[in-house]
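Counting starts at 1 for both ligands and their atoms, following the listed order. Count residues from 1 along the sequence.
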Amino acid sequence: MSEAPIRPRIPCPHCGQNLRIRKSQGLTPVYREAVFECRNEDCGWRGKASIEITHTIAPSDIPNPSVSLPFVPRLRKLVMSQPSTASA
Ligand SMILES: [Zn+2]
């Protein structure tokens with residue numbers, strides 16, 4: 001299992017070029033707002049987006065007590081089906 005980090009690319013909603021993050025501000029540990037700017041000089045779009053962390057895929061070893069994120073549904077099913085019902 002190799003999980004090569006992917007550099008996320010967010011395309012401009014108008015021209016499709018990559019956006020550049022001008023600034024981002026964390027409002028809560030799981031919610032952040034960012035100002036994006038289109039890299040295409042002919043376009044010039046600028047806008048705001050919000051990034052919300054919604055689920056846990058792998059739990060933290062040093063969890064923040066004020067953060068509680070549900071597991072992604074697929075994993076929750078896996079975790080809940082694990083405990084004792086190994087009948088084989
Ligand atoms: Zn654009």
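- Results of the side-chain contact (heavy atoms from CB on, under 4.5 Å) test with Val35 over Arg20, Lys48, Gln25 single out Lys48 as the only residue that passes.
- Legend: protein N/O/S atoms lying under 2.8 Å from the Zn ion (ligand 1), waters omitted, number 4.
- By the neighbour-count criterion of 12 heavy atoms within 6.0 Å, atom CD of Glu41 is sparsely surrounded, having that number or fewer from other residues, nucleotides or ligands.
- One hydrophobic cluster, built from ILVMFWY side chains closer than 4.5 Å, holds both Ile10 and Trp45.
- Using a 4.5 Å cut-off on side-chain heavy atoms (C-beta onward), Phe71 and Pro59 make contact.
- Side-chain atoms of Ile53 and Leu69, non-hydrogen and from C-beta on, do get closer than 4.5 Å to each other.
- In this structure, the side chains of Arg39 and Leu19 stay at 4.5 Å or more apart for every pair of heavy atoms.
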